Amino acid sequence: MDLNASLIISNILNPPVLFFFLGMTAVFVRSDLEIPAPVPKLLSLYLLFAIGFKGGVELIKSGITQEVVLTLLAAISMACIVPIYTFFILKLKLDNYDAAAIAATYGSISAVTFITASAFLTELGIDFDGYMVAALALMESPAIIVGLILVNLFTTDGKRDFSWSEVLQEAFLNSSVFLLVGSLLIGVLTGEHGWQVMEPFAQGMFYGVLTFFLLDMGLVAARRIKDLQKTGIFLIAFAILIPIFNAGIGLLIARFIGMPQGNALLFAVLCASASYIAVPAAMRMTVPEANPSLYVSTALAVTFPFNIIVGIPLYLYGIELLWR
Amino acid sequence: MDLNASLIISNILNPPVLFFFLGMTAVFVRSDLEIPAPVPKLLSLYLLFAIGFKGGVELIKSGITQEVVLTLLAAISMACIVPIYTFFILKLKLDNYDAAAIAATYGSISAVTFITASAFLTELGIDFDGYMVAALALMESPAIIVGLILVNLFTTDGKRDFSWSEVLQEAFLNSSVFLLVGSLLIGVLTGEHGWQVMEPFAQGMFYGVLTFFLLDMGLVAARRIKDLQKTGIFLIAFAILIPIFNAGIGLLIARFIGMPQGNALLFAVLCASASYIAVPAAMRMTVPEANPSLYVSTALAVTFPFNIIVGIPLYLYGIELLWR
Amino acid sequence: MDLNASLIISNILNPPVLFFFLGMTAVFVRSDLEIPAPVPKLLSLYLLFAIGFKGGVELIKSGITQEVVLTLLAAISMACIVPIYTFFILKLKLDNYDAAAIAATYGSISAVTFITASAFLTELGIDFDGYMVAALALMESPAIIVGLILVNLFTTDGKRDFSWSEVLQEAFLNSSVFLLVGSLLIGVLTGEHGWQVMEPFAQGMFYGVLTFFLLDMGLVAARRIKDLQKTGIFLIAFAILIPIFNAGIGLLIARFIGMPQGNALLFAVLCASASYIAVPAAMRMTVPEANPSLYVSTALAVTFPFNIIVGIPLYLYGIELLWR
Amino acid sequence: MHIVKRIEIIANSIELGKILDGLDKAGVHSHAVIRNVAGKGLREDLDMTMLDNVYIIAFCMPELLKTVVENIRPLLNKFGGACYISDSMEIRSVRCVASL
Amino acid sequence: MHIVKRIEIIANSIELGKILDGLDKAGVHSHAVIRNVAGKGLREDLDMTMLDNVYIIAFCMPELLKTVVENIRPLLNKFGGACYISDSMEIRSVRCVASL
Amino acid sequence: MHIVKRIEIIANSIELGKILDGLDKAGVHSHAVIRNVAGKGLREDLDMTMLDNVYIIAFCMPELLKTVVENIRPLLNKFGGACYISDSMEIRSVRCVASL
Ligand SMILES: Nc1ncnc2c1ncn2[C@@H]1O[C@H](COP(=O)(O)O)[C@@H](O)[C@H]1O
Ligand SMILES: Nc1ncnc2c1ncn2[C@@H]1O[C@H](COP(=O)(O)O)[C@@H](O)[C@H]1O
Ligand SMILES: Nc1ncnc2c1ncn2[C@@H]1O[C@H](COP(=O)(O)O)[C@@H](O)[C@H]1O
Ligand code: NA
Ligand code: NA
Ligand code: NA
């Protein structure tokens with residue numbers, strides 16, 4: 001556990017994570033610090049663009065190998081399987097609607113957690129491949145579909161005749177997925193040449209923008225914490241244990257298909273993280289019976305901070321044990 | 001034509017142009033991607049500042065030579081002549097008000113097209129001079145005045161007693177012209193010394209900000225495309241052919257006064273581009289009889305994309321033929 | 001005085017100061033140039049973050065020496081003493097409420113003036129220490145408390161029973177102080193290692209962002225200038241002479257405790273500058289009898305431009321005389 | 001001056017396109033949209049830093065009101081959102097530069 | 001449709017938290033907030049580039065009005081700010097995806 | 001509480017200065033301005049990403065209304081824009097920290 005603790009500390013002593021704490025502190029001491037709208041939106045557009053573009057440039061360098069295909073298959077599988085077993089765990093305590101919505105939330109991913117993990121790897125000097133961004137993009141949407149299928153199978157209220165075309169549109173063309181995939185493709189098309197002109201913007205600013213964005217996420221997450229009183233101890237425990245469990249499964253798969261360590265960490269983080277933007281929006285539309293405060297608060301105020309602070313170094317420690 | 005096609009492709013495979021396409025695609029597939037206000041305004045302020053400041057720094061390095069004076073004279077002349085002959089072409093199909101407003105729009109320039117062309121030149125390693133920014137600034141406003149004179153000459157409604165002082169104010173002190181000229185002067189005053197401290201901001205970010213701005217322009221232009229149904233085929237043909245014609249005349253003048261190739265391309269692009277911000281605002285105020293959807297949609301949804309995608313490499317091809 | 005004039009000119013020929021002029025000019029010629037909200041807020045958050053973070057990184061490098069402690073003590077002392085003697089000067093012409101509010105304003109500091117001075121020093125190649133940022137943070141709040149004590153001592157309206165806890169909250173946890181101190185602490189915690197990854201953002205952008213922010217400050221200050229008619233000649237003279245006086249005292253103290261020249265300039269600038277954000281907000285809340293237009297206009301439309309344009313080089317000239 | 005109805009709609013920005021279409025179909029072709037609106041409604045809300053609300057204002061002829069309500073009400077049921085109607089008076093203005 | 005009161009408050013953003021608390025305590029749990037509002041009031045104002053106003057809109061049952069006013073009025077006295085009440089009608093909407 | 005008129009103006013931001021001057025001359029010295037308002041009016045509009053609208057709200061004494069309308073109407077004719085009047089009630093507040 002020694003190594004683990006030192007990893008946690010070296011993670012915590014990163015500017016992005018510390019600014020996340022600073023944001024939370026601002027809320028707790030009732031400072032009037034805030035990042036005015038629409039700045040957080042702009043920062044998240046930038047982060048998606050930068051990670052997507054860089055991923056594309058690196059994907060074209062590495063090419064589409066068997067390793068790439070295996071990784072992407074693993075990603076899609078996890079995005080489909082996680083919501084299913086999560087659903088049955090949640091059904092122990094919650095009704096079908098809430099269980100399905102939370103399951104979809106945890107089956108999907110949090111891009112910011114992924115980006116924070118990639119910054120952590122860069123700082124430790126551990127390599128990872130550009131195609132992990134493609135895995136990120138592929139894992140965002142399937143859980144929405146799986147969640148809806150679960151609701152349809154396990155509830156019998158007949159009149160749920162929402163339009164699937166609209167749901168698919170929300171799932172695959174929401175702005176995050178669209179910008180990420182678009183930037184990835186443009187990265188693939190322009191390659192090294194495009195990267196050179198974009199580098200000062202797409203790379204130089206990256207760490208700083210992430211820091212500012214996490215400052216805002218700290219403010220947002222802390223404001224959500226009072227909602228946790230209503231969610232109850234079961235969901236709070238769930239929101240900490242299921243990421244560890246999902247990351248564990250992710251690591252085993254990663255080991256099995258022989259991913260390099262950097263990729264394995266990112267994959268584990270994708271499995272462990274939960275969506276607090278795209279999936280909640282889709283669930284609110286399609287499963288209005290579920291209570292949004294349950295799925296948003298757990299994902300945003302528990303799982304997100306947990307992954308950012310403890311999860312990322314913990315999963316890396318797991319890798320050091322497993323890959324030995 | 002072989003070379004031309006390869007130029008077009010190398011232009012299209014640039015990140016800024018590809019992100020312009022991405023923006024258009026987002027509208028066509030109905031993604032909810034958007035760059036929230038007031039971010040586009042901030043990006044355009046940055047671009048004007050960066051291009052102006054850099055131009056000023058380079059202007060002071062090169063000094064005011066005969067070449068500079070000739071180029072600026074050519075710029076002013078084209079800004080005055082283009083609206084006149086364009087007016088008579090347009091009168092074939094349109095009434096005097098619409099003809100004058102559209103003529104003024106095409107006599108003025110689009111700074112973003114200019115900036116995209118300059119990024120294209122930088123990438124191809126073709127030099128151009130800082131004083132071209134002065135040409136840009138000089139070509140923005142005259143067409144507004146010429147357009148108003150045309151309306152006054154060709155319509156006889158007597159009571160058009162708007163205040164010239166207000167018009168001149170709008171023409172020469174609107175925020176684009178003001179910031180561009182101001183930054184140019186400050187560049188001249190601070191020279192190389194000022195450039196050194198500003199470089200990471202004014203140069204390093206430039207390409208990335210342009211990319212984001214063109215993403216937004218793609219969104220904006222695509223939303224305008226449905227307006228084209230109302231404009232009719234004459235205006236759409238006009239919006240593609242007149243830029244080529246204007247660029248051709250620009251190139252002949254450039255060749256005649258011996259501009260270097262980089263400057264010639266920028267000059268052609270200035271002649272070919274049409275204003276969709278400053279002039280429409282001024283026309284709406286002074287020629288309210290004209291229909292804004294005609295002049296905004298053609299300039300924004302046809303001429304702008306045409307220049308960005310096909311025009312710039314096409315004019316460069318023309319240069320390669322003429323300068324041989 | 002020769003040297004002095006050349007310093008003033010080299011200060012004026014800096015991009016940030018010239019863009020401040022450009023902003024003022026835009027208002028005077030009635031251009032519609034504006035930096036849209038909330039961009040100025042974002043820029044100021046960035047500047048506070050950058051200056052705080054860099055200060056923290058340098059503080060940890062230098063360590064907490066006797067020099068540091070002496071400087072910080074001097075800073076706190078000046079923040080407490082300035083409002084007291086300023087109050088008695090102001091009482092000559094104003095009532096107790098206005099005198100106390102203005103005294104608090106001039107006892108506190110303007111972070112932007114400090115930042116501009118630090119950019120000026122960087123350009124001249126004069127070193128200064130990171131702990132000056134700590135001095136900046138320490139000098140922002142005490143004047144608010146002193147101002148309130150003065151009001152309580154010199155007015156006898158009994159019913160002034162505002163909550164001190166709220167006042168202390170406003171004074172020490174307002175977003176500027178909070179972000180500055182937070183960034184400083186994070187800089188201390190992450191040290192050189194954190195600096196490396198943040199540098200392109202925290203250092204590379206710094207000068208450019210400052211330039212844009214001063215452009216906006218020019219717009220804001222110029223719009224305030226018409227308010228000066230109401231303030232009267234006494235306050236205008238006060239707003240120019242008291243900064244020089246305060247800077248003089250600051251320089252004597254700095255010389256006495258042996259500060260290096262760079263630090264001495266920053267200390268003088270802190271003494272000379274007046275708050276136009278934090279203190280006015282606090283005064284409006286706690287001393288509503290005072291007229292905000294008096295303290296905001298003098299600080300923003302007279303003292304701020306004076307310090308930016310003439311003050312900074314003037315105080316540096318003073319240092320060259322005193323430190324000889 | 002003549003009497004119009006003010007329609008105010010607060011809704012999630014994802015719905016914006018559909019609401020404007022709904023207004024348009026009901027014959028209300030003019031509107032103004034304010035973005036980046038924060039809010040708290042009856043339902044526990046998504047985080048508004050991420051998914052912001054829009055505030056839509058449209059002034060229309062009283063006789064269009066019924067159709068508007070029929071078009072908008074089902075949309076609001078989806079993501080939540082609120083719609084309010086009140087009375088107002090329009091200052092008619094005919095564009096005419098000459099009169100300036 | 002039924003009758004509600006529209007409460008409009010324009011105030012300095014520093015006061016926002018307290019005003020929303022005041023509304024909440026008075027039983028008005030829903031609201032919308034528009035930020036970055038510039039303005040000029042009766043009193044000479046701080047510079048609004050730095051300290052912006054917020055515009056708060058809340059629709060509530062008429063019977064809550066008295067408590068709201070009692071809660072809000074003292075807050076506005078502090079930094080300045082204004083509060084206005086008018087009549088409006090609510091279009092009731094029950095969330096129900098099936099009806100889409 | 002006493003009765004006031006709410007004036008709402010939606011116009012292009014280029015006109016803002018002149019409209020505020022017009023209000024001021026008519027005796028309406030207080031207002032609030034919301035920027036970055038998107039919109040669609042009767043006339044085909046310029047692109048609102050570039051030239052955004054502003055939404056101006058001013059509450060004033062009923063007797064000032066006539067002058068306001070006379071001052072504002074010609075301005076709206078220029079770039080387009082709309083002006084609406086409705087009734088409201090003001091909650092008078094006297095600034096007084098002691099009562100907090
Ligand atoms: N009574 C109300 N007054 C003001 N805004 C409201 C009201 N009800 C709902 N809203 C706004 O509409 C959004 C959606 O409301 P809801 O559907 O109740 O969650 C909220 O976030 C509020 O901004
Ligand atoms: N009559 C009014 N109409 C519109 N906005 C107002 C009015 N009175 C005050 N405000 C707004 O409320 C803020 C504070 O007002 P005051 O307390 O009068 O300084 C101002 O900055 C305005 O934006
Ligand atoms: N009936 C209306 N309801 C709401 N906003 C309007 C209305 N009419 C005009 N506007 C706004 O005022 C702006 C200018 O309108 P117009 O002069 O009709 O082009 C539009 O962009 C709209 O934002
Ligand atoms: Na997951
Ligand atoms: Na042209
Ligand atoms: Na001071």
Side-chain angles (χ1 to χ4, degrees), chain A residues 36-50 52-54 56-57 60 141 165-166 168-206 208-209 277-278 281-282 285, chain B residues 9-43 46-47 50 115-116 118-125 198-216 218-219 222:
Chain A
V39 173
K41 225 169 194 169
L42 174 65
L43 301 182
S44 75
L45 290 179
Y46 168 86
L47 290 174
L48 291 169
F49 151 78
F53 188 69
K54 196 180 175 195
V57 171
I60 193 72
S141 315
S165 80
E166 232 181 276
L168 293 172
Q169 160 112 1
E170 292 276 342
F172 293 103
L173 294 174
N174 70 66
S175 59
S176 316
V177 173
F178 185 85
L179 183 58
L180 190 71
V181 173
S183 304
L184 187 105
L185 291 179
I186 292 177
V188 166
L189 283 172
T190 59
E192 191 56 41
H193 182 70
W195 179 247
Q196 268 159 31
V197 285
M198 296 298 266
E199 214 218 290
F201 182 73
Q203 174 90 26
M205 299 297 95
F206 187 75
V209 172
I277 305 181
M285 181 170 88
Chain B
I9 285 167
S10 109
N11 177 50
I12 287 179
L13 286 187
N14 266 337
V17 176
L18 286 171
F19 273 91
F20 181 78
F21 279 119
L22 190 65
M24 294 193 107
T25 311
V27 173
F28 297 144
V29 302
R30 312 192 119 243
S31 166
D32 62 340
L33 182 66
E34 66 160 6
I35 313 284
V39 174
K41 224 169 194 169
L42 174 66
L43 301 182
Y46 168 86
L47 290 174
I115 290 169
T116 311
S118 75
F120 185 56
L121 286 175
T122 308
E123 230 183 297
L124 293 182
M198 296 299 265
E199 214 218 289
F201 183 73
Q203 174 88 26
M205 297 299 93
F206 188 74
Y207 218 83
V209 172
L210 177 62
T211 297
F212 252 77
F213 190 66
L214 283 182
L215 174 61
D216 183 63
L219 295 165

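Below, chain A is the first sequence line, B the second, and so on; all start at residue 1. What you are looking at is a predicted structure, and each value in this text was computed from that prediction instead of being measured.
- Heavy atoms only, all atoms of each residue included: A:I186 and B:P15 are closest at CG2-CA, 4.3 Å.
- Only the backbone of B:A37 comes within less than 4.5 Å of a heavy atom of chain A; no side-chain atom from C-beta onward does.
- Heavy-atom distances place both the backbone and the side chain of B:V29 under 4.5 Å from chain A.
- The aromatic ring centres of B:Y46 and B:F213 sit 6.0 Å or more apart.
- For A:F201 and B:F206, the ring centers sit 6.0 Å or farther from each other.
- Across all their heavy atoms, A:A171 and A:V177 have their closest contact at O-CG2, 4.1 Å.
- Heavy atoms closer than 4.5 Å to chain A are found nowhere in B:I12, neither backbone nor side chain.
- When all heavy atoms of B:S10 and B:L124 are compared, the closest pair comes out as OG-CD2, 4.1 Å.
- Of the atoms belonging to A:F53, it is side-chain heavy atoms, and not backbone ones, that fall under 4.5 Å from chain B.
- For chain B, no part of A:S176 is nearby; none of its heavy atoms comes within less than 4.5 Å.
- Ranked by heavy-atom pairs shorter than 4.5 Å toward chain A, the options B:T211, B:L215, B:T122, B:L210 are led by B:T211.
- Per-residue heavy-atom pair counts under 4.5 Å with chain B were compared for A:A50, A:G204, A:S183, and the maximum is reached by A:S183.
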Practice item. Test ring pair (Phe, Tyr, Trp, His ring centres under 6.0 Å) on A:F49 and B:F19 and set out the steps. Key: CA-CA 10 Å; A:F49 151 78; B:F19 273 91; 5.4 Å; yes

